[in-house]
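Naming: A, B, ... by sequence-line order, numbering from 1 per chain.
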Protein chains: 2
Amino acid sequence: MFFLKDLPSEDMIAGVTVNVPEVSSPRVLSVLTKLRAASVLLRDVEAYLRGHGLSQTQFLALMMIMREPERSSLSAVEIAARLDVSKPVLSKALASLADKGLIAPAASQPADRRQKQLSLTPEGEQRFADVLPGYFSILHDADL
Amino acid sequence: MFFLKDLPSEDMIAGVTVNVPEVSSPRVLSVLTKLRAASVLLRDVEAYLRGHGLSQTQFLALMMIMREPERSSLSAVEIAARLDVSKPVLSKALASLADKGLIAPAASQPADRRQKQLSLTPEGEQRFADVLPGYFSILHDADL
DNA sequence: TCCATATGGTTAGCATGGTAACCATATGGC
DNA sequence: GCCATATGGTTACCATGCTAACCATATGGA
C-alpha cells in the first residue's frame, strides 16, 4: 500500500534528481497521484469485501472459478496463475473459503491425484452474486 | 494488493450489473486496468526498497522527516498523519528504523514528555539519498 | 486541587502477503 | 523397471497492515 497524504513537491523531485536526467518531475508527481488514488480505492474495496466476510484474494478466487466459460471448477495452480498470487497465499485463501462452505471439491476429479478441482457451492454462488454488483459499483465511482 | 491477471470481460461486467444501471462496464474495466498497473508498480517499488533494507512505510517516514522545510524532526503522530497510516504501524516502522540506526531522538525535545521528536542520523540521510533517485526513476518509468 | 477526559505512544492479537522447504504424485531417460 | 526431476499443494516462518486495549502524561472544569 501507498498512503502518502502529502505528495512531494515538483521542486523536491527535481532537486533530488538533478543527476538523473531521464526523470521528469511532473511525470513522477502524476504517477504518485495515481498511486495514491489506487491505494485508497484498494483500501475501500477491502473494507467493503470484509464487510461481506471475504478478503480481496478470496473474492477474486471465487470470480476466477465463476467466470470460467467451459468449466465449473479450477485447480489451485490454475487460480494462482490467473490471480498472479503466490501458491501458499492462495492455498490459505482457498482453505478459508472451504471453511466458510463457499467452495468444495468438484464432483469430477482429474486422474492426476496431486490436483484438487474446486467448485463453488450454492452458498458460494449466492455470496458471490450478493457481493459483485456492489464491488463493481465502488470501482465505477472510483477517483481513478 | 490487486493482482488479477485476467481482467473480467466487458460482457461479464455488463451481465452482472444489468440491475445496477449506474455502472458502465467500460468505465469499470478502465478502473480495473489502472488498479492492476498500480498494484504491479507497488510490488516493484517494494522489491526495490527491500533491496535497500527498507519497507515502503519506513522509506516514506524518512521522506516525511527529510522534507519538512522548517524543522529537522517530527513526532510519530505528525508522521502518521502525513502518511495516513495507523499509529501502531508507524510505531513499529520507526522502531525498526531506530534499530537500524537511521533515525534517533532529536537533540531538542518538546516540553510535552509524551512526544518524542525524531531526526535522521547521518546514516539515515545517506541511506535516503542513496535510495531516492532510483525510487523516482522506477516511478518515472511506470506504466501508469 | 482533583478527577474526568484527551492525547502520544506501545503492546497484544489477528489477517494477509511473501519465500523456503517439505510431502506426494507424475513423468521421462536410462 | 527405476531413479532423477518436475509439479501440485501444504507447512513453517517472517514482515506488514489493522483494531482494541493499555500505559503515561496533559489539560480543563468542578
Need one value for [X]: base, sugar-phosphate or nothing, where a base atom within 4.0 Å counts as base even if backbone is also close, heavy atoms only.
X      : result
A:Q58  : sugar-phosphate
B:V89  : base
B:K116 : sugar-phosphate

Original post:
Do A:K87 and C:dG18 share a donor-acceptor pair, side chain to base, under 3.5 Å?
Top reply: no
**OP:** If a pair satisfies salt bridge (Lys or Arg N to Asp or Glu O under 4.0 Å) and one of its residues is in residues 115-140 of chain B, list it, with sequence neighbours excluded.
**Re:** none
Original post:
Nearest-Å distance, NZ (B:K92) to P (C:dT10)?
Top reply: 12 Å
Original post:
Could you state the CZ-P distance from B:R114 to C:dT10, rounded to the nearest angstrom?
Top reply: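 So the CZ-P distance, B:R114 to C:dT10, works out to 13 Å.
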Subject >> NZ/NE/NH1/NH2 to OD/OE distance under 4.0 Å, A:E10 and A:R27 >> reply: no
**OP:** Between A:A93 and A:D112, name the one whose nearest nucleotide on DNA chain C is closer to the 5' end.
**Re:**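 Looking at the nearest nucleotide for each, A:A93 comes out on the 5' side.
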**OP:** I would like to know whether B:D84 and A:R43 meet salt bridge (charged side-chain N to carboxylate O under 4.0 Å, His left out); could you show each step before the answer?
**Re:** CA-CA 12 Å; B:D84 196 8; A:R43 181 201 260 168; 3.3 Å; yes
**OP:** Would you please test A:R50 and A:Q56 for side chain to side chain donor-acceptor pair (under 3.5 Å) and show each step?
**Re:** CA-CA 8 Å; A:R50 194 161 42 243; A:Q56 177 106 226; over 6 Å; no
Original post:
What parts of residues 42-57 of chain A reach DNA chain C, counting only heavy atoms under 4.0 Å away?
Top reply: A:S55, A:T57
**OP:** Please assess A:S55 against A:E46 for the test side chain to side chain donor-acceptor pair (under 3.5 Å), listing each intermediate value before the final yes or no.
**Re:** CA-CA 7 Å; A:S55 74; A:E46 274 168 16; over 6 Å; no
**OP:** Mind checking the CG-CG spacing from B:L62 to B:L120? Nearest 0.5 Å is all I need.
**Re:** 5.0 Å
**OP:** For DNA chain D, note the earliest and the latest nucleotide, 5' to 3', having some atom under 4.0 Å of a heavy atom belonging to chain B.
**Re:**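 Here the contact window of chain B covers D:dT16 to D:dA26.
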Subject >> Min side-chain heavy-atom separation A:R82-B:L4 under 4.5 Å >> reply: no
Subject >> Ring-ring centroid check B:Y48 B:H52, cutoff 6.0 Å >> reply: yes
